[in-house]
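Worksheet: the structure to be examined is printed underneath.
Counting from 1, the numbers follow the sequence of the chain as shown. Source: prediction; values computed, not measured.
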Amino acid sequence: KGKSSSVGASVGAVAGLVCITPGAGFVTPGWSIAIGALGAVWCYLSVEVVNKINLVDDTLDAFGLHGMGGIGGAILTGIFALDGGLIYTGSFELLGKQIAGAAAGVAFSALGTALIVVVLRLVMKLRIPEEHERSGIDQHTHGRGGRVGLR
């Protein structure tokens, strides 16, 4: 976005590392750097889309970095893997398996999360009342005003 920062560099490094994790033992060192670089761009774009859509409160960009990074890394492994990867064999077999595996992980996570939410809803409220949100949740939830550590 036109400004560099140590936080931005750290987030980019984490994104690259998350993306190479699925294929770390299956690609050459050169391709691992390529996957990390492609993955960092993929994660950045994913975070931008998630933030623009604004359907979830993902303050730490965890889904865009870790969720989408893992999906991207799994798919890129199907392209760059030494044993069965698309660029080495010309076959889409491993790539298809990687896509199916990533989709299975997404489905498992979505169903597991839905189950947890259903159980939590049975025993507690998941949101605070809207009037508490408007006036500030710190006072209602924690008994304190806006500034942390000050009385």
Side-chain angles (χ1 to χ4, degrees), residues 1 5-27 31-86 89 91-149:
K1 295 182 180 179
S5 71
S6 59
V7 172
S10 299
V11 169
V14 168
L17 290 168
V18 168
C19 289
I20 187 49
T21 299
F26 305 100
V27 299
W31 285 128
S32 70
I33 293 169
I35 289 172
L38 290 169
V41 172
W42 167 251
C43 288
Y44 173 78
L45 295 172
S46 298
V47 166
E48 289 297 306
V49 168
V50 168
N51 288 337
K52 190 172 199 93
I53 294 172
N54 201 24
L55 291 177
V56 294
D57 182 12
D58 191 8
T59 308
L60 300 176
D61 300 327
F63 175 73
L65 291 176
H66 296 279
M68 294 303 289
I71 292 168
I75 293 169
L76 289 171
T77 299
I79 297 171
F80 296 113
L82 285 168
D83 187 18
L86 178 64
T89 64
S91 170
F92 286 87
E93 182 178 357
L94 180 61
L95 179 59
K97 289 178 180 179
Q98 291 298 110
I99 292 170
V106 169
F108 178 82
S109 298
L111 291 173
T113 301
L115 179 63
I116 290 168
V117 168
V118 166
V119 171
L120 284 175
R121 279 189 177 159
L122 293 173
V123 297
M124 63 188 285
K125 292 181 182 179
L126 295 183
R127 293 198 56 118
I128 64 168
E130 194 171 323
E131 63 270 8
H132 291 185
E133 281 188 48
R134 274 187 258 125
S135 63
I137 64 170
D138 288 339
Q139 183 64 41
H140 296 284
T141 305
H142 307 294
R144 289 189 156 204
R147 292 190 167 166
V148 176

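Closest approach of C43 and C19 over heavy atoms only: SG-SG, 3.9 Å. When all heavy atoms of L65 and A15 are compared, the pair lying nearest together is CD2-CB, 3.9 Å.
Taking CH2 of W31 as the start and CD1 of I20 as the end, the distance is 11.5 Å to the nearest 0.5 Å.
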With a 3.5 Å cut-off and sequence neighbours excluded, list the donor-acceptor pairs that the side chains of residues 71-85 form with protein atoms.
residue: T77; atom: OG1; partner: G23; partner atom: N; Å: 3.3
residue: T77; atom: OG1; partner: G73; partner atom: O; Å: 2.7

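The number of heavy-atom neighbours closer than 6.0 Å to CD of E48, taken from other residues, nucleotides and ligands shown, is above 12. Atom CD of E130 sits in a sparse spot, with 12 or fewer heavy atoms from other residues, nucleotides or ligands closer than 6.0 Å.
Counting only heavy atoms from C-beta outward, the side chains of V14 and H66 approach each other to under 4.5 Å. Residues L126 and L120 form a side-chain contact, since some pair of their non-hydrogen atoms from C-beta on lies under 4.5 Å apart.
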